[in-house]
Amino acid sequence: MKIIITEKPSVARDLAKVFGATTKRDGYIEGKGYSFTWAFGHLLQLAPPQEYGYIGWKVKNLPMLPQKLKLSVRKIRTNEGMIEDPSVRKQLNTIKALFDIATEIIVATDAGREGELIFRYIYHYLHCQKPFRRLWISSQTDAAIKDGFRNLKPGKDYDTLFYSAHCRSESDWLVGMNATQALSISAGSKTVLSLGRVQTPTLAMICARYLENKNFIPQTYFQVIISLQKDGQNFKAVSKKNYYKREEAEEVLNAVKSVADGFATGGDISKVETKTKKEQPPLLHDLSSLQQEANKKKGYTADETLAILQRLYEEKLITYPRTGSQYIGDDVFETIPQLIEKQQQHPFFSKQAIVLANNKLNKRSVNAKKVTDHHAILPTGEPARNLSPDKQVLYDMIIGRMLEAFHEVCVKDLTKITIESGSTFIANGTVIRSAGWRAVYNEPEENDQDQPENNTIPKVSEGESLAIIEKSIAEKQTKPKPLYTEASLLKAMETAGKEIEDEELRYAMKGSGLGTPATRASIIETLIKRSYITRKKKNLLPSETGLAVYDIVKDKLIAQAELTGQWEKRLEEIRSGASVKAFKEEIKQYTRKITEELLIAGKELELLLEDQG
DNA sequence: GCAAGGTC
């Protein structure tokens, strides 16, 4: 019996179907000499400190540096505290029984670092010794699966990938557990003050933005606005300069030769520039972009969106949602015309679905090289009837984005007119020549409010003089960067590291950022659970505790996105063959250092937390 | 009581 193990049940079902295996057993599917079993994510986790004899949270235990970290079965929280998850234990027993009778093991967990770790942890925990081969595919179409099985790789080809995954896992444990205990103990052990490679830089971003916003001193400035007329059509122009004194603006205003001042045509057109701009459609959705859209448009939290998507996925209405790729491969692209055709009955999108059916599809979102473990989120094409309102909203966002992504470019004429009337004024106009993908939602763009755009601008030419029928002064204020919302925080986590100065570290974080698509929502929830941050309307605000923790760690490496960059660089080196030993030693050193620092620094928090009661 | 990672 050949045993295939996947990361999650849905993949096992897809593989079994291709092989024609149809007998459903408890925890696996059987047929044609194969058994397809599965994990559900990580079944095993690094054992908590008490399993090494570090009982209670005590300074004498710190830093906790066990000789060897152990694995233990995933736990769930119950009224009696943390217990082994019985469904996980049961599935491990199923996997063990299958491994015991296996003539061959084929590893089909997701094609990535964590997928490798999910299998290796199971394999080691079960003390399995049998050789295994690796399936490495990034789409679940029949063709991709068949091709993948014809090209199974020796398991050992992925040993270094496992080493890098293992280092990631152990390093997060060592730094996170020790830093958390050190800070919590030295602050008086009244509450859990957690710290970690991902959560602490995330907290730092929220706090830094909050303080920047709070301490921002707005500056008043003035613009002079004129209204011109041509052939009975009005449009606005704004002074080229901003003025910081009202008197200056008034001088400029007074110099404007308006009709009221006795000038029938006091606005001289000195320049007309028109250029055509092609605007590509947005890419297909990945989890993060969808969470951002759902937060902006509907106020859903990242966590809520993920939960709703999981239900849509379990009902087989959408493809795998926890993806970090906004692309699909050519094999999936072949199925797109049918998926679009199915939307021709859609109450809102039918018209554009019909338009698309008759158009050549835009292939901007088609790039097999940019498909990582999973491709972009798509509908499966299964009929979606009677969805709850929440599900309908997200399902429609996925459909809408699919239609946009395969649509034609939007073509616009951008016109910039320069007008002289005492001083220089600028009018900007945008005319959409061909809406392309923008026809899907048909929503106006968000404009830069400093430069009002005229949706239509009459045809004018250089040398013409137009009537100025109105003039006024607009008083404005400079604005701080806005507080983070979940949408902007997700974006910031994704792109964290883009500003890192060291080129190598910046490169190492490219395409990863802080956390992963699957974990960002839970990182935000952790910060809320610790009372580090609160939600206020759409904004995320730091609490007193959050700010106090930030103040203690803000200059330390643990609060910087660079830490992830440094690790990613080393982990990639390990994946390509570098020694694990040196990195592990550095992590130990860093653990000792940060633990020692926090045991001292946390004392500053003790009084503050007492004050809060 | 604690990390970050995965998923029902």
Side-chain angles (χ1 to χ4, degrees), chain A residues 6-12 27 38-52 54-58 61-64 69 71 74-77 81-82 85-88 90-91 109-110 112-122 164-185 187 189-202 287 306-307 309-311 313-315 320-324 373-374 493 512 514-527 529-530 558 563-564 567 571 587 591 594-595 598:
Chain A
T6 68
E7 182 155 330
K8 44 188 169 272
S10 66
V11 177
W38 54 77
F40 357 92
H42 277 295
L43 301 183
L44 299 158
Q45 56 190 181
L46 296 175
Q50 63 267 27
E51 295 192 26
Y52 306 91
Y54 305 120
I55 308 299
W57 293 31
K58 298 197 179 78
N61 289 337
L62 301 185
M64 303 174 286
L69 289 176
L71 294 173
R74 188 167 85 200
K75 309 279 195 297
I76 48 168
R77 196 176 297 279
M82 306 293 281
D85 185 332
S87 69
V88 168
K90 186 173 172 219
Q91 190 64 10
T109 47
D110 290 355
R113 192 165 78 194
E114 289 303 321
E116 192 63 32
L117 190 63
I118 285 171
F119 166 70
R120 300 280 184 135
Y121 273 175
I122 295 170
S164 80
H166 196 204
C167 279
R168 197 283 306 147
S169 176
E170 296 200 337
S171 303
D172 275 326
W173 190 101
L174 289 171
V175 171
M177 294 292 188
N178 280 294
T180 298
Q181 287 203 13
L183 184 66
S184 304
I185 292 169
S189 292
K190 291 188 183 60
T191 50
V192 175
L193 298 173
S194 66
L195 298 173
R197 172 180 58 87
V198 177
Q199 62 171 266
T200 304
T202 305
L287 175 61
L306 180 54
L309 291 175
Q310 175 66 23
R311 295 209 301 274
Y313 170 64
E314 284 166 14
E315 289 166 29
Y320 181 75
R322 294 180 206 81
T323 173
D373 307 17
H374 304 279
M493 290 175 79
S512 59
L514 280 177
T516 70
T519 59
R520 285 185 191 123
S522 73
I523 294 286
I524 297 173
E525 295 304 315
T526 297
L527 294 175
K529 194 166 135 206
R530 301 271 175 271
I558 198 170
L563 179 60
T564 293
W567 286 19
L571 293 172
I587 293 294
T591 301
I594 187 75
T595 303
L598 290 168

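In what follows, every chain begins at residue 1, and chains take the letters A, B, ... in the order their sequences are listed.
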Classify [X] by what it touches in the nucleic acid, base, sugar-phosphate, or nothing, heavy-atom distance under 4.0 Å.
X        : answer
A:Leu195 : sugar-phosphate
A:Asn178 : nothing
A:Val198 : sugar-phosphate
A:Gln181 : base
A:Arg520 : nothing
A:Arg530 : sugar-phosphate

Aromatic ring pairing A:Trp173/A:Tyr52, orientation class (parallel under 30°, perpendicular over 60°, tilted between):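 Ring orientation, 0 to 90° scale: perpendicular.
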Ring centers of A:Trp38, A:Phe119 separated by less than 6.0 Å: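 That pair fails the under 6.0 Å test.
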Do any side-chain nitrogens or oxygens of [X] fall under 4.0 Å of OP1 or OP2 in [N]?
X        : N     : value
A:Thr519 : B:dG5 : yes
A:Arg197 : B:dG5 : yes
A:Thr180 : B:dA3 : no

B:dA3 base stacked by A:Trp173 (centroids within less than 5.5 Å, tilt under 30°):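 Per 5.5 Å and 30° rule: no stacking.
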